[in-house]
Amino acid sequence: QAAPQGQGAAPVDANSILLGQVGSLTGGQATFGISTRNGIELALKEANAAGGVKGKKLAIRVYDNQSKPEEAAQAATRLITQDKVALILGDVASSNSLAMAEKAQAAGVPMITPSSTNPTVTAKGDYIFRVCFIDPFQGFVMAKFARENLKLNNVAVLQDNKSAYSIGLAEVFTRKFTEMGGKVTAVESYSQGDTDYRAQLTAIRKSQPEGIYVPGYYSEVGIIARQAREVGLKVPLMGGDGWDSEKLFELGASAIEGSYFSNHYSPDNPDPRVQKFIADYKAAYGAVPDALAALGYDSARVAVAALERAKDLSGPAVRDAIAQTKDFPGVAGTVTLDAQRNAVKSAVVLKVEDGKTQYVTTINP
Ligand code: PHE
């Protein structure tokens, strides 16, 4: 099922360069794909208004993966074999990006994930890049925050066993928090899509933690927060970037208030470049951009700059140009790609307050 081509992008013809996006436009992570698509579309609109690339306009074909890795793999194959795109942007959830990266690497088509943080994604090969930090850093950030800022000694972990992202982040957090002298009192797990978490939360309550680390996605975390309160757990919840969605506040309501999560960007950043992006995005989409939108925007701008620099539009030439990305001024931080094709950036910690996020602190690598 082809999603409509991004509005605002030029129609595809001989005078355009076609890019592809695979995103979760429906399903459990729908807001991830939609925000990312909006950010990409805004960047391409600006690039086209500024004359495009190598005298050509940029167009994009977007496919929905329904928040499923199998669909993500198929969509990537379609972009590669049918649409013959110059490069692929996406996805958000690491398990989807892993499935896509397999295909992109095998075909020699460059792929940039805006926001997948699991380290194994870019390890798939030399055609796979990301413009965000990775989870060994993100897990360290929340362990440090829990120990040093919240002064917690005992924390329980609740992970999503169906998500490479969640498993990886739970592992890093547990290791770092323990190294810092803290104790992980219980590790429980669930499967994406579950609706009843009371058994795990009851086991966690019995371990008497002072906080719970839940590195999952907003759709499950919102419900987990409510059920945690139901079983009598009053302690703060902590999480990672997967919490970042308007829907979290809706699903979690008062139960999610006072929780903390690590993220890539804060709309409170006073940098005029960031504030201009927020104003433009608001004007176009009627919402404050989340980190997905910011990283989608950055990924498309990094792609456009690389296409401009590339000696031609072949896979190897575009790959080489992306690999040279250095000091690129993104709205979610400066992007310099290292030898593993990852960006090294700082993270922010946000607090949920009054149904929105409040900037707390920045933690550097
Ligand atoms: N980092 C998450 C993953 O790899 C995806 C994500 C990024 C979700 C940013 C929300 C915000 O699965």
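Counting starts at 1 for both ligands and their atoms, in listed order. FYI, side chains are in, hydrogens and waters are out, and symmetry mates aren't considered; it's all heavy atoms of this structure.
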To the closest 0.5 Å, what do you measure between CD (E353) and OH (Y359)?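 E353 atom CD to Y359 atom OH measures 14.5 Å (nearest 0.5 Å).
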
Interatomic distance, N149 atom CG to K351 atom NZ [nearest 0.5 angstrom]: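 If we round to the nearest 0.5 Å, N149:CG and K351:NZ are 11.5 Å apart.
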
Considering residues, nucleotides and ligands other than E308, do more than 12 of their heavy atoms fall under 6.0 Å from its CD?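 Result for CD/E308: enclosed.
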
Ion pair present between [X] and [Y], side-chain N to carboxylate O less than 4.0 angstrom?
X	Y	answer
E102	K124	yes
D126	R319	yes
D271	R273	yes
E171	R175	yes

Proximity flag [X] to ligand 1, non-hydrogen atoms under 4.0 Å:
X	answer
Q138	no
W243	no
A291	no

Under 4.0 Å to a heavy atom of [X] - the qualifying atoms of ligand 1, by number:
X	result
F32	8 (C), 10 (C)
S94	3 (C), 4 (O), 12 (O)
S115	1 (N), 2 (C), 4 (O), 5 (C), 6 (C), 7 (C), 9 (C)
A93	12 (O)
H264	9 (C)
G242	8 (C), 10 (C)

I'd like the name of whichever of Y217, F133, F261 reaches closest to atom 12 (O) of ligand 1 through any heavy atom.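 When every heavy atom of Y217, F133, F261 is considered, Y217 comes closest to atom 12 (O) of ligand 1.
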
Looking at atom 6 (C) of ligand 1, what's its closest protein heavy atom, distance included?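 Looking at atom 6 (C) of ligand 1, the protein heavy atom closest to it is V92 CG1, 3.5 Å.
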
Please report which non-hydrogen protein atom sits nearest to atom 11 (C) of ligand 1, along with the residue it belongs to and the distance in Å to one decimal place.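 For atom 11 (C) of ligand 1, the nearest protein heavy atom comes out as D241 O, 3.1 Å.
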
Assess whether side chain to side chain donor-acceptor pair (under 3.5 Å) is satisfied between Q138 and S262, documenting all intermediate values. CA-CA 7 Å; Q138 184 169 209; S262 51; 2.9 Å; yes

Any cation-pi pair here, R301 with F328, using under 6.0 Å and within 45°?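 Not flagged: R301 not positioned over aromatic ring of F328.
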
Do T117 and ligand 1 have an N or O pair less than 3.5 Å apart?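 Yes, at least one N or O pair falls under 3.5 Å.
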
Test of understanding: given a 4.0 Å heavy-atom threshold, classify the contact between L292 and ligand 1 as side chain, backbone, both, or neither.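 Side chain only.
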
